[in-house]
Amino acid sequence: MTISPTGATPEYEQYLRRLPKVELHCHVEGTLRPGTVVELAAKHGIALPTTQVDEVYRYSTIYEFLEIYRTVNSTVIDREDFARIAYETLQDGVELGNLKYREMFFNPTLHTARGIPMATVIDGLIEGAKAAETDFGVRCAFIADVYRQDPPPVARQMVEEVLAHRRPELIGLGMDAAEAPDPPEKFVEAYRVAKAAGLRLTSHCAEDGPAANVTTCLDLLGCERLDHGYHILEDPAVVARCRDEGVTFTVCPTSTAVVYGWPDLTTHPITKMIDAGLRVMLNSDDPTMFHTDIGTEYAKFCGQNNFRPELVRQLVVQGVEAAWLDDIDKAAMRRAFETEIDELDREYVS
Ligand SMILES: [Zn+2]
């Protein structure tokens with residue numbers, strides 16, 4: 001069997017799904033299986049707008065989307081729930097996209113503001129990830145995210161609380177939610193505290209804010225990689241800097257196609273970022289909420305762009321390179337990935 005040089009054939013889609021993958025931009029709160037939402041709501045006596053599994057994630061506006069996000073989160077309460085959602089999303093990643101390693105975001109204040117202890121959140125997620133590693137061989141570390149609509153002192157307090165419950169699996173600080181009203185410089189204190197404690201740093205950036213936010217995140221917050229970054233294309237000087245410095249952008253085709261109305265992935269800013277020589281790697285963001293998964297992201301984005309296998313391999317390897325693993329671990333993962341991709345190439349590529 002060989003993959004066609006043109007068009008997204010079933011064989012090419014299968015090849016893209018079977019490639020080994022790293023994912024560095026996925027929010028655990030956006031990964032709940034709809035069936036799990038219904039079961040957790042029943043467990044805790046929480047009323048949902050619908051108990052029809054295929055209706056749980058039905059929305060037509062960003063406001064409805066955010067309302068569903070809040071409702072879904074309200075069903076995750078005890079340690080067992082947090083363990084379950086971490087376990088299930090890692091299983092989904094393995095089964096739908098051959099996921100090998102994920103650094104997964106969680107929003108501590110979305111839970112602590114509901115009265116859930118930080119230890120319940122962190123220990124539950126880690127417990128679920130360890131069980132998934134045992135059962136499926138997939139590895140996972142965690143990144144605590146600042147919720148931008150929180151006031152800066154709340155964000156700083158969140159970081160201190162996370163550090164008080166620090167575990168080896170908790171390796172970084174990130175930042176998400178609406179960027180335009182709450183720019184990155186507001187949260188310099190939270191990042192300073194995290195950096196001093198040795199956490200790795202990233203941030204959602206230039207997603208719905210200007211290219212200048214890239215510079216702020218790199219220089220003021222000390223970010224080592226960036227999430228999204230599409231508006232960087234509006235400033236050639238920032239593009240040139242990030243290309244020269246090899247900054248990695250964790251990009252998300254489907255979620256941005258839905259939220260920002262960029263359905264044509266061949267003209268999507270991610271395609272232009274690749275053309276501009278920027279380092280990107282593909283991710284699913286909030287997979288179940290956007291009706292996607294990491295395998296589908298590769299299948300859709302690389303398939304629609306009809307990328308050559310060499311370019312797809314480059315995207316996969318850039319994911320490994322941008323992971324916050326130590327050098328020995330990373331080199332071993334890269335060798336294992338190259339071997340697995342070589343085998344797939346022999347099977348699929350003429
Ligand atoms: Zn995100």
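Atoms within each ligand, like the ligands themselves, are counted from 1 in listed order.
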Donor-acceptor pairs under 3.5 angstrom involving side-chain atoms of residues 319-326: please list them, not counting sequence neighbours.
from: Glu321; atom 1: OE2; to: Arg334; atom 2: NH1; distance (Å): 2.5
from: Asp326; atom 1: OD1; to: Ile328; atom 2: N; distance (Å): 3.1
from: Asp326; atom 1: OD1; to: Asp329; atom 2: N; distance (Å): 2.8

Atom CD of Glu64: over 12 foreign heavy atoms under 6.0 Å | yes
Total protein N/O/S atoms whose distance from the Zn ion (ligand 1) is less than 2.8 Å = 4
Salt bridge or not for Glu189 and Arg192, using N-O below 4.0 Å?
-> yes
In chain order, what residues pass the side-chain contact (heavy atoms from CB on, under 4.5 Å) check against Asp150, with sequence neighbours excluded?
-> Thr109, Tyr147, Val154
Residues clustered with Ile77, ILVMFWY side-chain links under 4.5 angstrom | Ile46
Could you tell me whether the side chains of Thr89 and Arg102 share a donor-acceptor contact shorter than 3.5 Å?
-> yes
